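The block underneath contains the structure these notes are about, expressed in structure tokens.
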Amino acid sequence: MLLPQTHGHSTSPFEPACLTPGPPCARLSAHPASTAHPPPPTDGIFHSRLGGGERPRAKPADGTFHRGGEGGRAARGRRAVGRARPPQRPSPPRGRGFRAPSSNEEQPLSPPSLCVAAMTQSVLVQVGQCGNQVGCRFWDLALREHAAVNKKGIYDEALSSFFRNVDTRSGEDGRDISKGKICSLKARALLIDMEEGVVNEILQGPLRDVFDSRQLITDVSGSGNNWAVGHKLYGCQYQENIVEKLRKTAEHCDCLQCFFIIHSMGGGTGSGLGTFVLNLLEDEFPEVYRFVTSVYPSGEDDVITSPYNSVLAMKELNEHADCVLPIENESLFDIVNKIHQMVNSGKLGSIVKQNSLVTSSAGSTKTVQEKPFDAMNNIIANLLLNLTSSARFEGSLNMDLNEISMNLVPFPRLHYLVSSLTPLYTLTDVNVPSRRLDQMFSDAFSRDHQLIQADPKHSLYLACALLVRGNVQVSDLRRNIERLKPSLHFVSWNQEGWKTGLCSVPPVGHSHSLLALANNTCVKPTFMELKERFMKLYKKKAHLHHYLHIDGMEQSCFSEAISSLSDLIEEYNELDATKAFQPLQLSRMTCRVPTSCHSKMRLGQLPPKLSV
Amino acid sequence: MSIVTVQLGQCGNQIGHEVFNAICSDVHGTHGLCSKKENESYHEASKERFFSEEKSGVPVARAVLVDMEPKVISQTLSIAARSGCWKYDDRSHFCQKQGSGNNWANGYSVHGPKHKDRIMNLVRKEAEKCDRLSGFFTIMSMAGGTGSGLGAFVTQCLKDAFPASFILNHVIWPYGTGEVIVQNYNSVLTLSHLYRSSDALLVHENDVIHKICAQLMNIKQISFRDVNQVIAHQLGSVFQPIYTGAGPLHYSRSPLGDLMETLVPHPEFKMLGLRNIPQMPENSLAYSTFSWPGLIKHLRQMLIANATMEEGIDWQVRPPRPGSSIPSKHSTSKSLHFNTSIANLVLLRGKDMHSADLGSFQDPALYTSWLNPQDAFNLWKTPRAFNKYEKSAALVSNSQFLLKPLDNLVGKAWNMFASKAYIHQYTKFGIEEEDFLDSFTALEQVISSYTTL
Ligand SMILES: Nc1nc2c(ncn2[C@@H]2O[C@H](COP(=O)(O)OP(=O)(O)OP(=O)(O)O)[C@@H](O)[C@H]2O)c(=O)[nH]1
Ligand SMILES: [Mg+2]
């Protein structure tokens, strides 16, 4: 039972920091000093688990067990529902990826006041050291965000998108509870690493209770910074295990919409096994979206083989991901430095709320010291939180996850989205004058707010999404789009290539925030640099033998990977050419124009070549 | 007679909610400014049109709420229930777990066939509650996936299932500067499909309403709610009970039927635009007085100059002089901006509306030559004031209002289509290039028909 009096005695690591129940410290802006340590819990609702020795809940809230308990578990096989199939399929397929309609679904919603409408869920797959460290920050901040919004401690729809609510009375694998008080929150996640260190640390840290042993896959020896070891060797070895755990995770979802893979490109496990998992996901859950957050190695990366690993991984991303959010550590590092400078420069420091920093963990569950990467990883965690906010919380213009690829991916392979987060910090004043709001929009397009080393303003936009949270209205969006438009280059066939979303729940500690996602040719230099570094090694055949002796690894894997990357670069080149040279743009279009097009239509609007 | 409203997608549900709010607050406002008897019969007719009575006494909207994601509907339902003034039927909604992702093909080809039975069942139930059904009013946006794609599909189903009823589609035109990247594709597909099965399309452009909010309503930070309230007000000013030409003592028998009869004389022309006057913040109303001649003069110039609101009207635009169909030297570009009508309907509400002279709307120069001006213009009126406006006038026009935005939209969509961008997202759900081409052809036809009026 979550009896208030148990808090003082509980041994649960969540108790002291208790996910900021009660007023989130962010709101206590008058006492910036208190923000480092959240106030003691007033109503201990946000445990991820019951404290040791506590009695289990007496009864489930009005018998409303999650139907995962019956229909879900019983309906064997994959229940994932993502994108529906094209209509030409004769009858709705039952097996693969589809969920037989449960009796529950036939019912209309319950009366408005009780209306709990089911939403979609997402699953995080964190692979390798980087993936797991970032993932860890994500879960921490996600709990913090929900704790700030969900004051009553009721397991709601928003929470359900990333967390299960599990009844732990009957041992570890309790049934899901779909309604009522939060019992024990479990992350919808799969943690994979071929070393034990990082995952073990997580399991001993404050987040240990949101994961259980059935969500982990570890080995002891690591992949030795070798993509082939991760992809081919471990892939083969762990395939069944991974698939089984993925299915299990998917079975707990009522309507699984999206997988988020978090990994790095430079190493062996994240890059090799991470992309192996990506392929598995495509085979096993073709209907479910695959978003990949990929951390790219920086120029002076200490892993010598990182160019190989990255290029080999890129081919898989090209072919199997729906969207990739590339991230460069250099950029994260710069951003963290910039924030520290701002905070420590004195003037701002006194009025900046500590836990409104994008990099801050203040007010979160974490009580142990920050690790050096934490501040950087918090930025990625925030990216994912903002990306999914509109799918979790209401707003006057919702932007579901399936709208991201629909709007931002004009051609299947061009699915790399450059992201930027603003503001990086918020002043304590929550009454935002519109000038400062406008600054948030301007910053999102500046070079130093991008999560990769790129300058979207001076490259070509194929499409751009603005995901806004908090007290921002449609007029603010329109005003800023009109203001910024003249300084940006959009591809000729998508001059109004904007997608907008308005979510009314701001991030913790902010009154508003913006995530900009750009499908922009500015990613090209990153890829070109990668290619260059790859070629330097490859020409000398350096280290190749470490790869080639792995079963299933051929020389052709390298040549195919590099040509896949070259093709991608070429596609960006072609688009860039349309920017510099208007006439060229037309000839490019002619080759893409539908062959069957009715010749007399719209001749005026067509490139001249077509009209003859 | 009653109208069953079908609210589709986020936009449709958010606007539908405001429409019922506006109607309810108009009916309960104390500003009828007419005889008690008049006011009572107005009440009754309005109730019958939009609400059914429940035992509890709280009017229940004659509406079916449809979306493919749950958040908007659950919010709409609970806000309506909290208002206490009216509510939605607890069982008259349908939602799924994830939206159509702005993909028209997903809404039309996947969600449509899959959920047809359940949606149509809800509609049928709502229709059966009506003693006399005039028809269906659907509210949706063109830019998203659910309102547009599923909306187009449902409209087709309505036409098949209720061949004797009228269907009026209310359509929200997206902001021109872009808010859904594939909005032009979705719009082209929506409009072309609606053109086949709808009786008429009543269009509101978000840009226009946004401007009204900024310039006439003086709203600094404009939210969708503000926009929707203006739209709801305009719709209310058309759909609340009013006496048709038939006689001073009869409310329009079939609100939708009468509308089609007056405004859609030919199936090739079914794009309707809506203008109203005055439009201002509530707290300014008390300090303003209006005269019918002034209102009518403005409204007419808004019509012929294609102005979207009473501010910034181009007063230079004049109807072409009779007989001079070829623009002469000095009629220059101004007469090119002249907006030719097929049919117009003016609705006057409020004090002394009998004194209003609408002769200027009957000028044959305003209309295309193939329709008799007497048939092309209609006037409906009621002494009952609408929504706190002592006098107000609305104009529903079947004219070249939408020609330019439509031409722009089709042009942009075509430009994108020529590069084949985003096509794969549609073919994935069974909408092929051929389907696009058919839709382009259909709309080019509409454009050329309206151009050559
Ligand atoms: N006027 C007005 N326009 C809206 C509103 N909500 C959305 N829109 C417009 O509707 C378009 C987006 O379509 P939505 O209605 O959100 O999409 P949907 O029908 O729910 O379809 P999916 O979300 O793709 O499944 C854009 O043009 C928005 O500007 C609203 O409340 N009022
Ligand atoms: Mg929607």
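Chain letters run A, B, ... following the sequence lines, proteins first and then strands; every chain starts at 1. Only a predicted model underlies this, so the values are computations on that prediction, with no experimental measurement involved.
- With respect to the salt-bridge test (charged N to carboxylate O, under 4.0 angstrom), the residues B/E179 and A/K499 do not qualify.
- Between the CZ atom in A/R478 and the CG atom in B/D207 there is a gap of 7.5 Å [rounded to 0.5 Å].
- Contacts between A/D400 and chain B at a heavy-atom distance below 4.5 Å involve the side chain alone, from C-beta outward.
- Distance alone, capped at 3.5 Å, is enough to place a donor-acceptor pair between the B/Q14 side chain and the A/S396 backbone.
- Under 3.5 Å, the side chains of A/D476 and B/Q221 contain a donor-acceptor pair of N or O atoms.
- At a 4.5 Å heavy-atom cutoff, A/L414 makes no contact with chain B through either its backbone or its side chain.
- Atom CD of B/E69 is separated from atom CG of A/N398 by 4.5 Å, given to the nearest 0.5 angstrom.
- Nearest approach of A/L462 to B/Y422, heavy atoms of both residues: O-OH, 4.3 Å.
- Taken from CE in A/M119 to SG in B/C95, the straight-line distance is 10.5 Å, to the nearest 0.5 Å.
- The contact between A/L408 and chain B is made by backbone and side chain atoms together, counting heavy-atom distances below 4.5 Å.
- Between A/E482 and B/T177 the shortest side-chain heavy-atom distance falls below 4.5 Å.
- Proximity to chain B is absent for every atom of A/N519, based on heavy atoms less than 4.5 angstrom apart.
- Proximity to chain B is limited to the backbone of A/V472, based on heavy atoms less than 4.5 angstrom apart.
- Heavy atoms of A/S390 lying under 4.5 Å from chain B belong exclusively to its backbone.
- Under the side-chain contact (heavy atoms from CB on, under 4.5 Å) criterion, B/K87 pairs with B/E54, B/S56, B/V58, B/V60, sequence neighbours left out.
- Residues passing the side-chain contact (heavy atoms from CB on, under 4.5 Å) test with B/K116, sequence neighbours excluded: B/M120, B/F153, B/C157.
- Heavy atoms closer than 4.5 Å to chain B are found nowhere in A/A465, neither backbone nor side chain.
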